[in-house]
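Just so we're clear, the structure is a prediction, and the values are computed from it rather than from any experiment. Position 1 is the first residue of the sequence, and the numbers go up from there.
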Amino acid sequence: MDVNSIKNSVGSLNNLSNPQIAKSNQASNIQNNDEFLNLSINEYNQKRDELSNSLQAFNQGIGISKTAQKGLAKEEESLKNIQNMLTQIDNNADLYENNNQVKNSINEQLQTFKEEAYNTRYNKEQLISLDDFEENLTIEISTKDAYFSIEKPNTPLIASSVSQTIKKSDLNNQEDIQKSLDSVERGLNDLGNIQSQFEELNNNLETAAKNSIEEQINLSNQNSKNRNYNFSKEVTEFSKSNINSNSGYLAASQANIVQEQSVRLLT
């Protein structure tokens, strides 16, 4: 075997492998400040699932706040109907004769108020009323990176307070009518405060949901960029490079053996 020929082959193989190895090293050393670029497949899947779960929780919270606000709006309508009845009586003495009839109409509105309070639910959970043995006293929306909560209101107490005031009132007496109106006004203010809390919760959740969607878009876009690299080709070329290198090492070993045998023959 021609030793010089073997050495030339080894040199040729090594020269061929170097560009491929350099190319693979260059690809592995890509620098980018994007936090998602260097995520492994497992890390990418985990981050994607976390964002998806967060968005689902935020959407559920928004559904809860919207449902509660709708129920509160209907309760507010009932109180305003009562307010209008009392105002009409206060402005028109002729209506005093219908005292009992007006009280019955007010009681019907209060009953509608309470029914709305108990029927305002999300996934079977009451949102603006509490049972006697209620254990969950807060509405909570929790994710890996965020937490929102609101104290669950018990709006039927508002209706009960108005009912007690009107029950003790003589609607033929302007002073009693005014007391009833004041009670209704307090109820409307209480409802307004509760509505503001749910509106704030809704706004915070919508902001968090938008941020989560933006993160998902960025993660998806970055993943698409990563897929633009032809990993299959890179792996194939890197494997060829290894084969070429190993072939070179084998040829070099064979050259050493031939040289050793030549020395033995000469000696």
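- To the nearest 0.5 Å, the span separating NZ on Lys70 from OG1 on Thr120 amounts to 10.0 Å.
- What you find for Leu205 and Gly61 is that their closest heavy atoms are CD1-C, 3.3 Å.
- Qualifying side chain to side chain contact (heavy atoms under 4.5 Å, CB included) partners for Asp49, counting only residues two or more places apart in sequence or in other chains: none.
- Evaluation of the side-chain hydrogen bond (donor to acceptor under 3.5 Å, both in side chains) test over residues 186-201, restricted to residues two or more places apart or in two chains, returns none.
- Rounding to the nearest 0.5 angstrom, the gap separating the CD1 atom in Ile64 from the CG atom in Asn123 is 7.5 Å.
- Here salt bridge (charged side-chain N to carboxylate O under 4.0 Å, His left out) pairs that include residues 158-172, with residues two or more places apart or in two chains, number zero.
- Side-chain contact between Leu171 and Leu86 is present, with heavy atoms from C-beta onward closer than 4.5 Å.
- Between the CD1 atom of Ile139 and the CG atom of Leu127 there is a distance of 5.0 Å, given to the nearest 0.5 Å.
- Scanning for side chain to side chain donor-acceptor pair (under 3.5 Å) contacts around Ser163 gives an empty result, with sequence neighbours left out.
- The two atoms that bring Phe198 and Ala68 nearest to each other are CE2-CB, 3.5 Å, heavy atoms only.
- Counting only distance, with no hydrogens or angles, the side chain of Asn154 and the backbone of Leu157 share no donor-acceptor pair below 3.5 Å.
- Shown here are the side chain to side chain contact (heavy atoms under 4.5 Å, CB included) partners of Glu75, two or more places apart in sequence or in another chain: Leu72, Phe113, Glu116, Ala117, Ile128, Thr155, Leu191.
- Panel note: side chain Ser161, backbone Ile158; no donor-acceptor pair is recorded below 3.5 Å.
- Residues satisfying the side chain to side chain contact (heavy atoms under 4.5 Å, CB included) test with Ser160, not counting sequence neighbours, are Lys114.
- In the hydrophobic clustering of ILVMFWY residues, with side-chain heavy atoms under 4.5 Å counting as a link, Leu55 and Leu201 come out apart.
- Asn204 meets the side chain to side chain donor-acceptor pair (under 3.5 Å) test with no other residue; sequence neighbours excluded.
- The list of salt bridge (charged side-chain N to carboxylate O under 4.0 Å, His left out) pairs with a residue in residues 142-156, not counting sequence neighbours, reads Glu125-Lys152, Glu134-Lys152.
- Counting Ile, Leu, Val, Met, Phe, Trp and Tyr side chains that sit under 4.5 Å apart, directly or through other members, Leu130 shares a hydrophobic cluster with Leu137.
- Nearest approach of Ile62 to Ala209, heavy atoms of both residues: CD1-CB, 4.4 Å.
- In terms of modelled atom types and a separation under 3.5 Å, the side chain of Ser212 and the main chain of Leu51 share a donor-acceptor contact.
- With rounding to the nearest 0.5 Å, the separation of OG in Ser180 from CD in Glu175 is 11.0 Å.
- Residues Glu185 and Leu188 form a side-chain contact, since some pair of their non-hydrogen atoms from C-beta on lies under 4.5 Å apart.
- Thr207 contributes a side-chain N or O that, together with a main-chain N or O of Asn203, makes up a donor-acceptor pair within less than 3.5 Å.
- The closest side-chain donor-acceptor pair between Glu77 and Asn81, if any, does not fall under 3.5 angstrom.
- Qualifying side chain to side chain donor-acceptor pair (under 3.5 Å) partners for Glu140, counting only residues two or more places apart in sequence or in other chains: Thr138, Tyr147.
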side-chain hydrogen bond (donor to acceptor under 3.5 Å, both in side chains) evaluation trace for Asn104 with Glu108: CA-CA 6 Å; Asn104 288 337; Glu108 288 177 1; over 6 Å; no
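- Gln126 meets the side chain to side chain donor-acceptor pair (under 3.5 Å) test with Arg121, Ser129, Asp131; sequence neighbours excluded.
- Taking CD1 from Ile106 and OG from Ser78, the interatomic distance works out to 12.0 Å, rounded to the nearest 0.5 Å.
- The two residues Ser183 and Val162 have their closest heavy-atom pair at OG-CA, 3.4 Å.
- Judged by distance alone, the side chains of Glu206 and Asn202 do bring a donor and an acceptor atom under 3.5 Å apart.
- Atom CD1 of Ile89 is separated from atom CG of Asn173 by 12.0 Å, given to the nearest 0.5 angstrom.
- Legend: residues meeting side chain to side chain contact (heavy atoms under 4.5 Å, CB included) with Thr87, ordered by chain and number and at least two apart, are Gln83, Asn91, Leu181.
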